**Q** 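Below is one structure. I have some questions about it.
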Amino acid sequence: MSHRITLLPGDGIGPEVVDATVTVLEATGVSFKWDRHDKVGAAAMAEFGNPLPEHVLESIRENTVALKGPITTPIGKGFKSVNVGLRQKLDLFANVRPCKSLPGLKTPFQDVDLMIFRENTEGLYSGIENFDERLEIADTISRITKRGSERIINFAFEYARTHGRKKITLVHKANILKQAGALFLGIGRDVAAEYPEIEVNDRIIDNMCMQLVMYPDRYDCVVTTNLFGDILSDLCAGLVGGLGVVAGANIGEDCAVFEAVHGSAPDIAGQGIANPTALIRSGELMLRHLGEVSAADVLHEELLGCYAEGDHLTSDVGGSSTTAEFAERLAERISSRS
Ligand code: NAI
Ligand code: MG
């Protein structure tokens, strides 16, 4: 059977890491039919007058799974984020970001193993914004709902239960954001009562940043609202080797979109030096989602092998290979296993 997947190369380093990931995924022997849409974001805005055209959404709804490169969002002006738009329109409420140390990669801590569960559709990213030109006042509303909080927190606890994880930390700012914070935290405590085998604690976001930088081994799963999750996932990426190595999955009831944590990296785009590991690992999550567990296991083992042996790594993780060289070497290792 062939899996039909919507492929969104995105922009910046997107097409480079997407091509690399496709090479690696195809080396596993799993058969894919790629439904590729090159024009999303600024390119779609220029061609269709809409950065997230309906035919792209339709393709994902139909295929139910997408693999996506990063998409640039103009800063402080221009069209709204396509990344946020996709998550909201497809109701991909759970953003799952595993941050685990890689063998052989020198970082300040060797045994980091964190799972970040970020609410992906509301909070400060709800899109409720206003600028009063006369008074020069900007409002951005953070909307937290009972339903939104319940589903991400339930998702995190269920994941912990089914994956043998021991502990969940609820991250919030309920001391200052009394309404939204109390709602999220209260639901967290209610849900926790249904999972007596999982240890639960909570941390205020600012303290949590310091805790993670100093004592990452004290933490296991983290569940939090949209903005805090966005920031914490880049922080945790920094603990395990940087944005070049951390995968992500956006999961909803009907569809799932797999993408790296990183953005379009305009500073290195077009040079062929971006690390495709983050998107390749997102591809591994996609394989597991598709039920292709043995292919995912082989990919996982060979990727770890590349890191343990320093085999054709890119420059961000201490090597000197290009994006394509790393992908080809990893694909070769995977093919030799079958
Ligand atoms: P970024 O994640 O693109 O880059 C931050 C730093 O990490 C840069 O120095 C970059 O070179 C490095 N980096 C990122 N990915 C890398 C990789 N695979 N290999 C090696 N180095 C890597 O964040 P930035 O610069 O803040 O954002 C750039 C654009 O990306 C913005 O327009 C932003 O809106 C967009 N973005 C899109 C995301 C998405 O599509 N889901 C997520 C985050 C940002
Ligand atoms: Mg981010």
Side-chain angles (χ1 to χ4, degrees), residues 7-21 24 37 40-45 51-52 56 66-88 90 92 95-97 99 102 105 116-121 123-125 224-250 256-283 303 307 312-327 330:
L7 188 67
L8 306 178
D11 52 37
I13 60 168
E16 302 165 44
V17 293
V18 164
D19 287 349
T21 301
V24 170
H37 295 270
V40 184
M45 193 66 193
L52 180 52
V56 172
L67 182 68
K68 171 188 170 295
I71 298 166
T72 303
T73 311
I75 292 181
K77 59 178 167 54
F79 59 81
K80 284 189 180 178
S81 165
V82 168
N83 310 306
V84 173
L86 268 174
R87 295 163 188 170
Q88 288 174 340
L90 300 171
L92 306 169
N95 193 330
V96 184
R97 296 173 156 182
C99 298
L102 280 158
L105 192 57
I116 310 290
F117 297 92
R118 162 189 177 189
E119 201 293 321
N120 218 14
T121 58
L124 261 168
Y125 295 51
T224 188
T225 49
N226 207 337
L227 176 69
F228 298 158
D230 191 2
I231 296 170
L232 283 185
S233 37
D234 275 33
L235 186 153
C236 291
L239 292 174
V240 297
L243 284 166
V245 299
V246 177
N250 303 286
V257 175
F258 295 85
E259 66 176 334
V261 170
H262 65 72
S264 55
D267 53 339
I268 57 166
Q271 299 176 32
I273 58 168
N275 190 347
T277 301
L279 192 66
I280 292 170
R281 292 176 116 184
S282 309
L303 182 92
Y307 274 82
H312 286 76
L313 301 182
T314 50
S315 59
D316 59 310
V317 284
S320 57
S321 291
T322 65
T323 311
E325 283 163 355
F326 175 73
L330 176 55

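One-based numbering along the sequence shown. As the structure lists them, so they are numbered: ligands from 1, and atoms in each ligand from 1. What you see is a predicted model; the values in this text were computed from it and never measured.
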**Q** Of all the atoms in ligand 1, which lie at a distance below 4.0 Å from a heavy atom belonging to Val261?
**A** 42 (C)

**Q** Pairing donors with acceptors under 3.5 angstrom, does anything connect the side chains of Ser233 and Arg97?
**A** yes

**Q** Under 4.0 Å from a heavy atom of Glu259: give me the atoms of ligand 1 that qualify, with their elements.
**A** 39 (C), 40 (O), 41 (N)

**Q** Taking only heavy atoms of Gly244 into account, list the atoms of ligand 1 that are under 4.0 Å away from them.
**A** 17 (C), 18 (N), 19 (N)

**Q** Could you see which bit of Pro74 sits under 4.0 Å from ligand 1, with heavy atoms only: side chain, backbone, both or neither?
**A** neither

**Q** Please work out whether any backbone atom (N, CA, C, O) or any side-chain heavy atom from C-beta onward of Thr72 is under 4.0 Å from ligand 1, and answer side chain, backbone, both or neither.
**A** both

**Q** Please identify which atoms of ligand 1 are closer than 4.0 Å to at least one heavy atom of Lys68.
**A** 39 (C), 40 (O), 41 (N)

**Q** Any protein heavy-atom neighbour for atom 2 (O) of ligand 1 (distance below 4.0 angstrom)?
**A** yes

**Q** Which residue supplies the protein heavy atom nearest to atom 16 (C) of ligand 1, what is that atom called, and how far is it?
**A** Ile13 CD1, 4.0 Å

**Q** Examine the side chains of Asp230 and Tyr125 and answer whether a donor and an acceptor come within less than 3.5 Å of each other.
**A** yes

**Q** Measure from the Mg ion (ligand 2) to every N/O/S atom of Asp230 and report the name of the nearest one.
**A** OD1

**Q** Do any nitrogen or oxygen atoms of Ala265 lie less than 3.5 angstrom from nitrogen or oxygen atoms of ligand 1?
**A** yes

**Q** Quick test: of every protein heavy atom, which one is nearest to atom 29 (C) of ligand 1, and how far off is it to 0.1 Å?
**A** Ser264 OG, 3.2 Å

**Q** Distance check below 2.8 Å: does Asp234 bring an N, O or S atom to the Mg ion (ligand 2)?
**A** no

**Q** Nearest non-hydrogen contact with atom 23 (O) of ligand 1 belongs to which option: Ala260, Gly238, Gly263?
**A** Gly263

**Q** Return the option from Asn275, Ile71, Ile268, Val257 holding the heavy atom at the smallest distance from atom 35 (C) of ligand 1.
**A** Ile71

**Q** In ligand 1, which numbered atoms sit nearer than 4.0 Å to a non-hydrogen atom of Arg87?
**A** 41 (N)

**Q** Tell me if a side-chain donor or acceptor on Arg281 pairs with a main-chain N or O of Ala247 at a distance below 3.5 Å.
**A** no

**Q** Among Val245, Asp267, Leu243, which one puts a heavy atom closest to atom 7 (O) of ligand 1?
**A** Leu243

**Q** What residue and heavy atom of the protein are closest to atom 14 (C) of ligand 1, and at what distance?
**A** His262 CB, 3.6 Å

**Q** Record the part of Gln271 in heavy-atom contact with ligand 1 below 4.0 Å; permitted values are side chain, backbone, both and neither.
**A** neither

**Q** Identify the protein heavy atom lying closest to atom 33 (C) of ligand 1, giving its residue, its atom name and the separation to 0.1 Å.
**A** Thr73 N, 4.3 Å

**Q** Please identify which atoms of ligand 1 are closer than 4.0 Å to at least one heavy atom of Pro266.
**A** 28 (C)

**Q** State the OG1-CG distance between Thr121 and Asn226, to the nearest 0.5 angstrom.
**A** 7.0 Å

**Q** Spell out, as yes or no, whether a donor-acceptor pair under 3.5 Å connects the side chain of Ser81 to the backbone of Asn83.
**A** yes

**Q** Would a search of protein heavy atoms around atom 21 (N) of ligand 1 find one under 4.0 Å away?
**A** yes

**Q** Within the structure provided, determine whether Leu67 and Leu8 are in side-chain contact (heavy-atom separation under 4.5 Å).
**A** no

